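Working notes, beginning with the structure itself.
Here is the naming used below: chain letters follow the sequence lines, and residue numbers restart at 1 for every chain. This structure is a prediction, so every number in the text was calculated from the model and none was measured.
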Protein chains: 2
Amino acid sequence: MVSTRWLDADERAAWLALAALATRLPATLDAQLQREHGLSLFEYLVLAVLSEQDTRSLQMSELAALTSSSLSRLSHTATRLERQGLLARARCAGRGRRTVATLTDQGWTVVVAAAPDHVAAVRAHLIDLLAPDDLAALRRIGDTVVTHLDEVGSAQSSTDGCSDAR
Amino acid sequence: MVSTRWLDADERAAWLALAALATRLPATLDAQLQREHGLSLFEYLVLAVLSEQDTRSLQMSELAALTSSSLSRLSHTATRLERQGLLARARCAGRGRRTVATLTDQGWTVVVAAAPDHVAAVRAHLIDLLAPDDLAALRRIGDTVVTHLDEVGSAQSSTDGCSDAR
DNA sequence: GCCTTTCAATTGAACTGTCAACAAATCTCC
DNA sequence: GGAGATTTGTTGACAGTTCAATTGAAAGGC
């Protein structure tokens with residue numbers, strides 16, 4: 001390590017702004033979902049992602065990737081959601097340990113009930129505060145960083161198949 | 001609630017990009033600090049903020065505000081950091097329950113050792129990936145949202161004083 | 001056909017964060 | 001001047017997350 005390139009005032013401000021944003025916005029949305037629908041933000045996200053699939057199902061590892069979570073975190077959460085009857089898991093016969101998680105009817109009902117409030121909150125606390133340019137910039141920034149982290153983190157192979165085929 | 005204004009494709013993409021960013025970047029920085037210096041990102045942040053004060057001290061509630069954390073979270077973390085000898089707390093005589101947290105010499109040593117690696121990681125995974133315009137946008141976005149959340153959350157009064165005066 | 005490796009997912013223990021209750025000092029105001 | 005309100009912090013119980021170890025199924029290799 002050569003002599004450190006410290007952050008200048010603008011860089012510092014940008015990083016601190018992101019750090020605060022990344023802490024406070026999720027906390028706010030989480031509190032709101034918890035209060036109004038008894039779901040954590042992450043639980044909601046899991047159900048929402050499933051609800052967008054036309055089979056309402058996804059393999060655990062795919063679901064983990066789409067929700068930016070570890071498989072372990074997802075597995076524990078799936079156990080809880082399953083216990084509440086919002087989601088069901090089933091082994092994918094003939095495919096190693098692959099498991100698909102499926103939204104139950106009850107789970108569907110819960111997401112559908114929560115979605116409008118959640119979207120309204122995302123609008124109120126983020127989208128509607130930003131100029132179109134900044135919205136575009138936010139997307140660019142997020143995509144750039146996440147793509148970079150994917151590359152750095154390691155190269156992954158993508159497999160596919162099993163259930164899905166309606 | 002009238003009929004929901006759903007997010008259009010751009011809005012959705014921006015929100016998802018932020019959600020992924022807010023999950024993955026802190027996780028990456030956290031893992032790095034943990035691995036190389038045995039600190040969580042939040043612990044580092046606490047020590048770093050203290051190290052920037054010329055007295056190396058701050059009142060607990062000020063420290064909580066600067067690190068976007070709850071007082072409770074900070075208190076638990078302070079207990080752990082105190083146990084490790086990196087930080088010391090002392091009641092502020094004559095000022096209610098006010099307490100100041102101070103970085104110890106050992107704490108200073110630890111932050112100073114961790115800072116270059118941490119800054120390098122912030123550069124590598126965020127700052128150096130972004131165009132100057134996007135850096136400015138990120139700052140604007142974060143400030144806008146956090147200011148908004150402060151206003152919505154409640155109006156706060158700012159007090160000051162006690163120790164500080166080296 | 002076994003033995004090893006790899007992939008996918010789960011589990012349990014340890015740790016961290018949250019929420020609600022409590023504690024301590026000071027304010028306030030009749 | 002004292003009862004209650006306010007501010008500031010801590011605590012304990014509980015829920016959620018992470019990390020390392022483990023299981024289960026398949027794929028390779030020889």
Quiz item: Out of D:dG9, D:dT18, C:dT10, which nucleotide sits closest to the side chain of A:Leu71?
Solution: C:dT10

Exercise. Side chain of A:Arg98 only, please: which of C:dT11, C:dA8, D:dT8 is the nearest?
Key: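 Looking only at heavy atoms from C-beta outward on A:Arg98, the closest nucleotide is C:dA8.
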
Practice problem: Could you state the atom-to-atom distance from CD of A:Glu82 to P of C:dT11 in whole Å? | Solution: 10 Å

Quiz prompt | Spacing between A:Met60 atom CE and C:dA8 atom C1', to the nearest angstrom | solution =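 Nearest whole value for this atom pair: 10 Å.
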
Quiz prompt | Any donor-acceptor N/O pair, B:Glu43 side chain to B:Ser40 backbone, under 3.5 Å | solution =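 At least one qualifying donor-acceptor pair exists.
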
Practice problem: Check for a donor-acceptor pair, side chain of A:Glu82 on one end and backbone N or O of A:Arg89 on the other, with a separation under 3.5 Å. | Solution: yes

Self-check item: A:Ala78 vs B:Gly94, nearer the 5' end of DNA chain C by closest nucleotide
Solution: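 Closest to the 5' end, via its nearest nucleotide, is A:Ala78.
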
Quiz item: So, are A:Asp128 and B:Arg5 salt-bridged, with charged N and O less than 4.0 Å apart?
Solution: yes

Look at the side-chain N and O atoms of [X] and state whether any lies under 4.0 Å from the OP1 or OP2 oxygen of [N].
X	N	answer
B:Gln34	D:dC19	no
A:Arg89	C:dT10	yes
A:Arg97	C:dC7	no

Exercise. Nearest-nucleotide wise, let me know which of B:Ser61 and A:Glu43 is further upstream toward the 5' end of DNA chain D.
Key: B:Ser61

Would you mind classifying the nucleic acid contact of [X] as base, sugar-phosphate or nothing, using non-hydrogen atoms under 4.0 angstrom?
X	value
A:Thr77	sugar-phosphate
B:Ser75	base
B:Arg80	sugar-phosphate

Quiz prompt | Polar pair under 3.5 Å, donor/acceptor by atom type, side chain B:His76, base D:dG12 | solution =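 In this structure, the two groups form a donor-acceptor pair.
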
Practice problem: Test for a donor-acceptor pair under 3.5 Å between the base of C:dT11 and the side chain of A:Ser72, counting only N and O atoms. | Solution: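 By the distance-only test, yes, there is a pair.
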
Quiz item: Yes or no on salt bridge (charged side-chain N to carboxylate O under 4.0 Å, His left out) for B:Glu52 and A:Arg12, after CA distance, side-chain angles and deciding distance?
Solution: CA-CA 13 Å; B:Glu52 284 159 8; A:Arg12 207 180 122 74; 3.3 Å; yes

Quiz item: Taking C-beta and beyond as the side chain, do B:Leu81 and B:Thr77 meet within less than 4.5 Å on heavy atoms?
Solution: yes

